[in-house]
Amino acid sequence: MAQNLLLEIGLEELPAHVVTPSMKQLQEKTAAFLDAHALPYTTIEAYSTPRRLAVYVTGIPEKQADTQEDVKGPAKKIALDEAGNWSKAAQGFVRGQGLTTDDITFRELKGVEYVYVTKHTQGQATVEVLKGLQEVITSLTFPVTMHWADYDFEYIRPIHWIVALFGEQVIPFQILDIVTGRESKGHRFLGEAVTFDHADDYLEKMKHQFVIADPSERQQMITAQINAIAQENNWRIDLDEDLLEEVTNLVEYPTAFVGDFEEKYLSVPEEVLVTSMKEHQRYFDVRTLDGELLPHFISARNGDAVKIDNVIKGNQKVLTARLEDAEFFYNEDKKLTIDHCVEKLKQVTFHEKIGSLYEKMQRVGLAAQIIGKTVGLTEEELTDLQRAAQIYKFDLVTNMVGEFPELQGIMGEKYALIQGEKPAVAQAIREHYMPISAEGELPQSKIGAVLAIADKLDSLLAFFAVDMVPSGSNDPYALRRQTYGIIRILAEKRWYFPFVQLQEEIREAINAQPEVFGIQLAAGQEQVTDFVKGRLRQFLLSKNTRHDVIEAVLGARQADISSLFETAQMLREHLQDTDFKPSMEALNRVINLAKKAELEQVAIDPALFENDSETALYEAVLTVEDKFPHQTMEENYQSLVALRPLIEAYFDQTMVMVEDENIRRNRFALLDKIAKMSLAVASLDALITK
């Protein structure tokens, strides 16, 4: 008869951002444990609150199934000695399986006879197997851990209780001094201890103790309560998903409430108010139906509505103190000039091995102009870009950003507009940080996008120049994220971006004036190119691109990064074409032969052609070669595919490896032309066509 499993780990309050991933990890590792121990189940659900992680699994049999397994041993000639007696190898083999030589049979495998035994294993009682859940609990990993008492054991927070039930039966095991049982704890202030007679009692009994263990149910409660408040007051509440999850993970029994702040604080930029509420207090902002910010906030307490007025007053008091500071900082910052702030950046270290933030801005300004001209910005845009690069970090030394680092760039735009900078310049100051996460919002303006690329590229080149290269999971300066940001911007803009050429131009310009730029960049920096290719690979994988297509794209003899996106998309679209396989095979045959040629530049002499197929292919190649630099990647691909019948006819009628060296070199030279054009599209020989 099947039974259900309940496992709950009771803890000190967990950081909100750890709750959901830890719950999912417990679910995944429990499922893997059951699979590894041949214990089938029907469903597995995971639950969590700030004080507990739990899984509930249904339909587990009361014992493992008995198994029968045929085990292969040594070859017969090794298992028997010359006298026909069992060798030590045979005896050791059966002993290792818990059997005797009487259980041996022989079977032929690929013309050789081997020893076989049939091993019968009786399934264990499930309760005995489930004692291994101790290892599941201790195997959970967390971003930070701690010790407690005198134990060497580390965990996200101290463990206070463990509930482990299989049906009505306690699964006995122990972690440190915590012995498993059937007793849990309710809400820290509203609930009491609760005892489960059966694993199935969990959710209902926890509710009686003011604990909503299912996070999706808690989230639905919070959403419904907030929507009811909004409807009653004719307000609009935008339920930010990340904030909603965080609030859900801060409470066990949610009760939404509304607080207020003085209207005078609405004179402070909206972003400051929202950041104060969201990032620091975990409040939802309140707006009119037209989207105008109102002097109210909504949050959820961890408890019921009893004495909710006191909770509201306390939250209002805390928020008012923050807004008072914000208003003061804002007014003080308006007294500063941009030039004063930029001058202060000379004393702010970007990194001790690289120099000041001011020097970084000088480098970025130079790189931005090189990139801007390459991608085709107008003279007006280049002028605005130059101004943005001269000042774009100035807000880092303002009071507001010092208090609210999340507002860097945002306050830069605000203050730049106040001080009369052009909107395009101010927008670029905000956008240069984008994207701030792997899939975050990208810069919309051309100037902002170029400044963002230049800023991130400078960090990449500078840190690699001082040999501070990310290794393994160690990436303290977020170079992977910044480089991935460059890739995403280029993927959206599709600008011409010859990375190696730009890298070299920037290097030469910076190295010409080390006293201005504070650093010398190493020649080549091939490591940087490989690092960028790694992020390209990551981006293409995120677009469900086949591995062989990615390798073909990254192996292309193509200087322009943006062309690689076009090539990957193009190849994805043609993979199922009926002529894809024969076309790639024909071109790969050319590429492979050309690799063997090791030619110096050889002029093709049509007088050395010995058949019509050589002439036809040569004339077609000249036509394609002439059009190749001026066509799109798709047109180049189609031109190469169109050569297939001519290539096939060429190989049918022509022996490349002939005795006559002049003829052989002439033929290799023709193939080399095709190979170079093929490899300019992609490393087609990396494609799997089987």
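Sequential numbering from 1 along the given sequence is applied to the chain's residues.
Once rounded to the nearest 0.5 Å, the distance linking CE of M400 with CG of D325 reads 9.5 Å. Atoms CD and NZ, from E8 and K185 in turn, are 10.0 Å apart once rounded to the nearest 0.5 Å. Between the CG atom of D475 and the OG1 atom of T483 there is a distance of 8.0 Å, given to the nearest 0.5 Å. To the nearest 0.5 angstrom, K72 atom NZ is 5.0 Å from Y114 atom OH. To the nearest 0.5 Å, atom CD of residue Q27 and atom OH of residue Y56 are 14.0 Å apart. Note that OG1 of T248 and CD of E217 are 11.5 Å apart. Values are rounded to the nearest 0.5 Å.
Checking side-chain atoms of E45 against main-chain N and O of D214 turns up no donor-acceptor pair under 3.5 Å. In this structure, E12 contributes its side chain and P158 its backbone to no donor-acceptor pair below 3.5 Å. T180 contributes a side-chain N or O that, together with a main-chain N or O of I171, makes up a donor-acceptor pair within less than 3.5 Å. A donor-acceptor pair under 3.5 Å is absent between the side-chain atoms of N4 and the main chain of F166, judged by distance alone. Not one N or O on the side chain of N315 forms a donor-acceptor pair closer than 3.5 Å with the backbone of I312. The closest donor-acceptor contact from the side chain of Q482 to the backbone of L460 lies at 3.5 Å or more, if one exists at all. The main-chain N or O of D285 is never found under 3.5 Å from a side-chain atom of K278 such that the two would form a donor-acceptor pair. Proximity of a side-chain donor or acceptor of D70 to a complementary backbone N or O of T118 within less than 3.5 Å is not detected. Side chain of S437 to backbone of G440: a donor-acceptor contact under 3.5 angstrom is found. The backbone N or O of Y155 sits nowhere less than 3.5 Å from a side-chain atom of T145 that would complete a donor-acceptor pair.
Here the side chains of Y283 and I298 are not in contact, with every heavy-atom distance at 4.5 Å or above. Taking 4.5 Å as the limit, some side-chain heavy atom of I9 sits within range of a side-chain heavy atom of L26. At least one side-chain heavy atom of N302 sits less than 4.5 Å from a side-chain heavy atom of E252. You'll find the side chain of S139 stays beyond 4.5 Å of the side chain of F33, heavy atoms only. Between L39 and Q64 the shortest side-chain heavy-atom distance falls below 4.5 Å. Side-chain contact check for V194 versus H208: every heavy-atom pair is 4.5 Å or farther apart. Using a 4.5 Å heavy-atom threshold, the side chains of E439 and R488 count as touching. Side chains of V286 and I237 form a contact here, defined as non-hydrogen atoms less than 4.5 Å apart.
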Would you sort out whether Q444 and E431 count as a side chain to side chain donor-acceptor pair (under 3.5 Å), showing the intermediate values?
CA-CA 8 Å; Q444 294 304 302; E431 290 183 330; over 6 Å; no

Mind running side chain to side chain contact (heavy atoms under 4.5 Å, CB included) on V163 and Y202 for me, showing each step along the way?
CA-CA 10 Å; V163 175; Y202 185 62; over 6 Å; no

Go through Y47 and L203 one step at a time and tell me if the side chain to side chain contact (heavy atoms under 4.5 Å, CB included) criterion holds.
CA-CA 9 Å; Y47 306 120; L203 289 180; 3.5 Å; yes

Evaluate the criterion side chain to side chain donor-acceptor pair (under 3.5 Å) for residue pair S48 and N249; output intermediate values, then yes/no.
CA-CA 8 Å; S48 61; N249 289 336; 4.6 Å; no

Stepwise side chain to side chain donor-acceptor pair (under 3.5 Å) test for R535 and Q538:
CA-CA 5 Å; R535 308 290 74 72; Q538 177 188 351; 3.3 Å; yes

Test log, rule side chain to side chain contact (heavy atoms under 4.5 Å, CB included), inputs T121 and E69:
CA-CA 8 Å; T121 304; E69 178 186 8; 5.8 Å; no

For side chain to side chain contact (heavy atoms under 4.5 Å, CB included), just list the numbers for I162 and I175, CA-CA rounded to whole Å, side-chain angles, deciding distance to a tenth of an Å, and then say yes or no.
CA-CA 9 Å; I162 301 173; I175 296 177; 3.8 Å; yes

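No more than 12 heavy atoms of other residues, nucleotides or ligands sit less than 6.0 Å from atom NE2 of H547. Remark: F189 CZ is loosely packed, at most 12 non-hydrogen atoms of other residues, nucleotides or ligands lying under 6.0 Å away. Around atom CD of E13, more than 12 heavy atoms belonging to other residues, nucleotides or ligands sit under 6.0 Å away. Within 6.0 Å of the CG atom in L293, the count of heavy atoms belonging to other residues, nucleotides or ligands exceeds 12.
Under the 6.0 Å distance and 45° angle rule, R480 does not count as a cation-pi partner of Y484.
Checked options I229, V258, V247, D238; the residue passing with F284 is V247 (criterion: side chain to side chain contact (heavy atoms under 4.5 Å, CB included)). Of the candidates H296, E292, E270, E270 is the only one forming a side-chain hydrogen bond (donor to acceptor under 3.5 Å, both in side chains) with R287.
The nearest pair of heavy atoms linking I104 to A90 is CD1-CB, 4.5 Å. When every heavy atom of P74 is checked against every heavy atom of A79, the shortest pair comes out as CG-CB, 4.4 Å. Between P15 and R157, the closest heavy-atom pair is CG-NH2, 3.5 Å. What you find for A256 and Q225 is that their closest heavy atoms are N-OE1, 2.7 Å. Closest approach of E403 to R322, counting heavy atoms only: OE2-NH1, 3.6 Å. Considering every non-hydrogen atom in both A213 and R218, the closest pair reads O-NH1, 3.6 Å.
In summary, the side chains of E62 and Q3 do present a donor paired with an acceptor at a separation below 3.5 Å, with no hydrogens or angles considered.
Taking the six-membered ring where the residue is Trp, F297 and F257 present perpendicular rings, their angle passing 60° and hence far from 30°.
Here the two rings, on F539 and F565, have centers that are under 6.0 Å apart.
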